[in-house]
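Contents: one structure, followed by commentary.
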Amino acid sequence: MEEIKRHLKILKELGFDEIFLEGEFMNQEDILKEKLNQLKQIETEIKQCTKCDLYKNRIQPVLGEGNPNAVLMFVGEAPGADEDKQGRPFVGRAGKLLTKLIEQAGHKREEFYIANVNKCRPPGNRTPTLEEQEACFPFLERQIEIINPKVLCLLGAAAARAFLGRNVAITKERGQKIIWKDRILILTYHPAYVLRNPNAEPTLFEDIKMAIETAYEN
Ligand code: URA
């Protein structure tokens with residue numbers, strides 16, 4: 001990796017701004033445009049999706065938002081009432097806590113990508129069933145492929161279950177790094193749990209800080 005970086009630096013100093021890759025010129029702008037197109041395509045598909053019953057009661061699906069080149073992606077459970085109304089992830093009370101802790105760690109929410117396992121709000125904010133998670137997970141997998149983050153910070157046991165395919169005791173398993181398909185998963189509490197249990201806020205903060213540091217370290 002270091003050697004490739006050195007070569008790229010030399011090429012840049014020689015005045016090369018683009019590299020010929022697999023028969024096509026791809027500069028950063030083209031890559032970003034392509035990523036945005038692909039994300040838009042997923043959004044079109046989730047608006048029409050009937051793979052589970054959650055579409056029947058929601059106002060609108062919530063794709064996710066943030067930096068399409070993010071090194072870190074936060075993944076929650078499913079939209080709540082505020083998200084369902086606004087069409088954006090983590091904008092209610094739990095989202096405000098998440099945003100506050102990211103800022104407390106010296107970063108901005110917009111640096112990262114924020115999404116959920118399920119794109120439609122479950123009635124009464126119940127936890128999505130395993131079948132509902134399985135129906136929606138391929139959309140999230142495509143988002144992950146497009147954005148290509150190094151680290152995924154999973155907020156709460158439901159998100160962790162969707163990735164690990166088993167029930168997760170979040171209190172026992174939080175704060176560890178788990179390798180998943182060449183990426184690093186960091187499990188932590190859901191911010192909504194922390195709103196109900198304020199003593200857990202320093203732990204959620206430590207996990208978020210670790211996720212950010214891990215994502216940015218070389
Ligand atoms: N809870 C979640 O899991 N996701 C949101 O977007 C909001 C609340």
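Note that ligands are numbered from 1 as they come in the structure, with each ligand's atoms numbered from 1 the same way.
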Does this structure show an ion pair linking E206 with R174, if we count only N-O contacts that are shorter than 4.0 Å? no

Excluding sequence neighbours, so at least two apart, what forms ring-ring contact (aromatic ring centres under 6.0 Å, His included) with Y55? none

With a heavy-atom distance limit of 4.0 Å, tell me whether E77 approaches ligand 1 through its side chain, its backbone, both, or neither. both

Residue pair A157 / V168: nearest heavy atoms and the distance that separates them: CB-O, 3.7 Å

The residue among Q41, K40, E34 that forms side chain to side chain donor-acceptor pair (under 3.5 Å) with Q38 is E34

Which atoms of ligand 1 sit under 4.0 Å from any heavy atom of P89? 6 (O)

Would you say A94 has any N or O atom under 3.5 Å from an N or O of ligand 1, going by distance alone? no

For ligand 1, which part of A78 has a heavy atom less than 4.0 Å away: the side chain, the backbone, both, or neither? backbone

Between G76 and ligand 1, is there a nitrogen or oxygen pair with a distance under 3.5 Å? no

In terms of residue, atom name and distance, what is the protein heavy atom nearest to atom 4 (N) of ligand 1? N116 OD1, 2.7 Å

Taking every heavy atom of I147 against every heavy atom of N67, the minimum-distance pair comes out as CG2-O, 4.1 Å

List the atom of N116, the atom of P89, and the distance in Å for their closest heavy-atom pair. ND2-CB, 4.1 Å

Quick one: which ligand 1 atoms are inside 4.0 Å of a heavy atom on H190? 1 (N), 2 (C), 3 (O)

